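Written out below as structure tokens is the structure these notes cover.
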Amino acid sequence: MPAFAGMPERDRHAVIAYIKALSPRFNSEPVEKPIPIPPEPAVTMESVNKGRLAYERMGCTACHGAAGNGWGPIAPSLTDDDGYPIRPADLTGSTWKGGCQGEDIYRSIMTGLDGTPMPSFEKQLPPDDAWAMVHYIQSLDQRWPGLP
Amino acid sequence: MKQSPNNLGLMIVMLTLTASTGPTLGAQGSATLTGLVTYRGPLPLPQKVTVSRDAAFCGAIVTIQPLVVQATSQGVRDVVVSLSDLSGQPPDAPPPPTIIKNRKCSFVSRISAARVGALVEIGNDDPVLHNTHIRGDGKTVLNVAMVPHGPNIQKQVKQPGLLNVKCDAHKFMQGYVIAFAHPFFSISDESGRFRIEGIPQGLHRITVWHETLGTLQKEVNVPAQGEISVHFNYP
């Protein structure tokens, strides 16, 4: 899926309207309320360490691995909604499908990613722990610049 | 009429279409439908699955047998029985929730039925991480992490149809929820018996569904009041 940033805004909205006409779900199902994303706290060594504990406690290692490279013990068995094998995200340096900003990662953790095995943690993870987990996940990325 | 389990998707579509074009359910009736579902064929061998994660808790090998038949009555447990010729109206009061527990690395209950508008409440009694991944028509409806001792999760059933329940962390965990637009459904007990109350008078099509045995249907003329019995026999 390439970027279409060059497409005029009017055309983008027209494509969106066309895509929504392809599935009856856009008409038959109400739109869920967006989850609230509280302001990001400061990135500190304390938040990164707290995030590591949350990452382990929530069982993220099962899919993403202890090192975050996407090779957790159950990774080979995972499939998407169509039954095709799907690899968990490599948090150490791959492309971020849901966006690479802190709020994007926070949202992916809390909503999960429909169509994939990634579940929602919204009811299980307090917001401050979720932000700490974001900071830990960002620290796993080889491109992480380090603490500010 | 018998259909194989593989035709269930088509069957559910048929049920949905029937529900949308059939007579609309008004006030409930006074008749009661009781019955028995039996199976007289050979029992398939249970499936044995080697557990690759959390084997210390789940066990090294899990035995799966979706077809449970009582020796004395030959009754089949966990058959979903429903009227399939009625469309529904919104319930006057919230329907009772359907509870699904992650317990001993299985879904309890494995087979559930719910009315549209009801809540499905999911809990985890196990000391290991599960996720409860519910799909309808192959698309994710709900996928939630279920950490040990975490809070229960509730989700409202919005459409009739068959929902598949799985755990991605333990692939052998599987269950089903069937949602109906009306209240006329039941699940057979360990002796294969079922009971549906408050059925309106008239000719009704009764559908029974089992996870591996598939679907059977019969038409039954239900009186204004009293009890009427029906017997289904697989295969």
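So that the names make sense, note that chain A is the first sequence line, chain B the second, and so on, each numbered from 1. None of these values were measured; they are calculated from a predicted model.
Counting only heavy atoms from C-beta outward, the side chains of B:Val147 and A:Met58 approach each other to under 4.5 Å.
With sequence neighbours excluded, no residue satisfies side-chain contact (heavy atoms from CB on, under 4.5 Å) with A:Pro76. The ring-ring contact (aromatic ring centres under 6.0 Å, His included) test applied to B:Phe185 returns B:Phe180, not counting sequence neighbours. Remark: A:Ile19 pairs with A:Val15 by the side-chain contact (heavy atoms from CB on, under 4.5 Å) rule, at least two apart or across chains.
Heavy atoms of A:Ile74 lying under 4.5 Å from chain B belong exclusively to its side chain. Of the two parts of A:Pro117, the backbone and the side chain both hold a non-hydrogen atom closer than 4.5 Å to a non-hydrogen atom of chain B.
With respect to chain B, the highest number of heavy-atom pairs below 4.5 Å among A:Ala62, A:Cys63, A:Gly72, A:Gly112 belongs to A:Ala62.
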Between chain B and chain A, identify every pair of one donor and one acceptor N or O atom lying under 3.5 Å apart.
residue, atom, partner, partner atom, Å
B:Arg135, NE, A:Asp81, OD1, 2.4
B:Arg135, NH2, A:Asp81, OD1, 3.0
B:Thr140, N, A:Asp81, OD2, 2.7
B:Thr140, OG1, A:Asp81, OD1, 2.9
B:Thr140, OG1, A:Asp81, OD2, 2.8
B:Thr140, OG1, A:Gly115, N, 3.4
B:Asn143, O, A:Ser120, N, 2.7
B:Asn143, ND2, A:Thr116, O, 3.3
B:Asn143, ND2, A:Pro117, O, 3.1
B:Asn143, ND2, A:Met118, O, 3.1
B:Ala145, N, A:Ser120, O, 2.9
B:Ala145, O, A:Gln124, NE2, 2.7
B:Lys155, NZ, A:Glu32, OE2, 3.4
B:Lys158, NZ, A:Glu32, OE2, 2.8
B:Lys171, NZ, A:Ser77, O, 3.3
B:Lys171, NZ, A:Thr79, OG1, 3.3

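Contact detail for A:Pro119 and B:Ala145: the closest heavy-atom pair is CB-N, 3.4 Å.
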